[in-house]
Amino acid sequence: MSINHGVGSANGKIILMGEHSVVYGEPSVAIPFPATQIKTEVTTAQTETTIDCLFYKGLINDMPELLESLKKVIEVSLTTLGHSDDHLALTVTSTIPAERGMGSSAAVAVATTRAIYDFYDVELTQDELLRIVGISEKIAHGNPSGLDALMTSSSIPYYYVKGQPFIPISLNLDAVLVVADTGMTGQTKEAVASVGKKVASNNQAIYQAKIKQLGELAKASRTYLEENQADKLGIAMNDAQVLLAELGVSSLELDALVISALSHNAIGAKLTGGGRGGCMIALARNRAEATIIAQALEETGAKATWLYEMSGK
Ligand code: PMV
């Protein structure tokens with residue numbers, strides 16, 4: 001850091017198991033996804049605070065509603081640091097596709113908070129970072145579990161239960177994860193709200209049971225990851241996809257990619273993140289099979305694919 005410059009970064013994240021159910025206190029398993037990154041840079045502005053990002057360039061006071069959560073993170077960081085009257089110029093660059101279940105809203109909040117603290121040369125604890133990002137995620141997601149904030153600011157996988165200390169997981173799985181982007185924006189806020197309605201509806205017992213089952217699958221998956229049981233993890237992923245579809249958060253595009261992956265030898269496949277668009281993941285036995293699956297997914301319509309080595313090497 002120098003006096004007039006601050007920088008902060010964050011990575012994308014992939015939820016292996018437990019999206020949506022994590023909001024209701026069930027466990028989840030997620031990995032940081034450094035193949036996609038966000039970086040925020042901060043310098044001094046002359047008159048008013050400005051921002052330059054993919055979706056908007058101009059004064060933060062005129063930012064579109066879509067970016068309200070980012071505006072909030074800037075305000076909260078400046079107020080917390082006692083600099084609410086200062087004017088900053090922020091630039092955000094990103095390779096995390098937005099609204100695709102990779103945690104882009106949390107990642108931009110993490111990178112921006114880190115950049116502002118770096119600009120003022122103030123140490124930022126993980127607790128303080130999660131508190132500030134949590135405020136912005138409430139606007140972006142309505143009822144965030146905190147998982148995205150944790151994962152986009154971490155470099156290791158975690159087992160996460162809302163409100164409990166997060167537990168690091170040592171990856172030890174001889175398998176390769178294929179991540180594919182449907183190219184359609186997911187709707188995390190709407191998806192979380194619609195699951196919320198189901199869980200509180202007249203049929204609540206049915207939906208609460210599904211949430212519980214998703215939690216049990218996530219719990220078992222932690223063991224599968226640590227004990228190198230790729231086949232069992234694959235089956236758990238398939239079971240989770242059925243439950244998530246029953247909760248109404250899959251989509252035609254996600255279903256098509258899941259079917260394509262399974263018919264090309266994937267051990268398991270499911271959506272990841274909020275759903276209703278966004279990304280899906282498929283588990284392959286090795287890199288050669290993962291490459292074939294990725295190619296099949298692109299032929300089925302995926303806009304981008306990535307491979308992620310699950311052995312932790
Ligand atoms: O779509 P994403 O990447 O923001 O992931 C959302 C994950 C949910 O479990 C659906 C919501 C949450 O806050 O954990």
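Atoms within each ligand, like the ligands themselves, are counted from 1 in listed order.
Other residues, nucleotides and ligands place no more than 12 heavy atoms under 6.0 Å from the NZ atom of Lys39. Within 6.0 Å of NZ in Lys72 there are 12 or fewer heavy atoms belonging to other residues, nucleotides or ligands.
Here the straight-line distance linking atom OG of Ser28 with atom CG of Leu217 works out to 13.0 Å at 0.5 Å rounding.
Near Gly103, meaning under 4.0 Å from any of its heavy atoms, are these atoms of ligand 1: 3 (O). Every atom of ligand 1 is numbered from 1 in the order shown, and the set under 4.0 Å from a heavy atom of Glu19 is 9 (O). Which parts of ligand 1 touch Val22 is read off a 4.0 Å heavy-atom cut-off, strictly below it: atoms 9 (O), 14 (O). Contact atoms of ligand 1 toward Met102: 3 (O) (distance under 4.0 Å to a heavy atom of the residue). Taking every non-hydrogen atom of Ile15 and a distance limit under 4.0 Å, the qualifying atoms of ligand 1 come out as 7 (C).
Residue contacts with ligand 1: Gly186 is excluded, as none of its non-hydrogen atoms falls under 4.0 Å.
By heavy-atom distance, the residue among Lys13, Lys138, Lys162, Glu26 lying nearest atom 3 (O) of ligand 1 is Lys13.
Side-chain atoms of Arg100 come within 3.5 Å of backbone N or O of Ala98 as a donor-acceptor pair.
For ligand 1, the polar-atom distance check finds an N/O of Gly274 within less than 3.5 Å of one of the ligand's N/O atoms. Taking any N or O of Gly273, backbone or side chain, none lies under 3.5 Å from an N or O belonging to ligand 1.
Between Arg285 and Asp174 there is no salt bridge, since none of the side-chain N atoms of the basic residue sits less than 4.0 Å from a carboxylate O of the acidic one. Taking a cutoff of 4.0 Å between a charged side-chain nitrogen and a carboxylate oxygen, Glu216 and Lys219 do not qualify as a salt bridge.
Scanning all protein heavy atoms for the shortest distance to atom 2 (P) of ligand 1 gives Asp148 OD2, 3.3 Å. When only non-hydrogen protein atoms are considered, atom 1 (O) of ligand 1 lies nearest to Thr188 OG1, 2.6 Å. When hydrogens are left out, the protein atom nearest atom 9 (O) of ligand 1 is His20 N, 2.9 Å; that is the closest non-hydrogen contact. Among all non-hydrogen protein atoms, the one lying nearest atom 12 (C) of ligand 1 is Ser145 OG, 3.3 Å.
With hydrophobic clusters built from ILVMFWY side chains whose heavy atoms lie under 4.5 angstrom apart, Leu90 shares a cluster with Ile135.
Listed by chain and residue number, Thr79 satisfy the side-chain contact (heavy atoms from CB on, under 4.5 Å) test with Ser84 (two or more places apart in sequence, or in another chain). By the side-chain contact (heavy atoms from CB on, under 4.5 Å) test, Asn238 is found to be paired with Leu262, residues two or more places apart in sequence or in another chain being considered.
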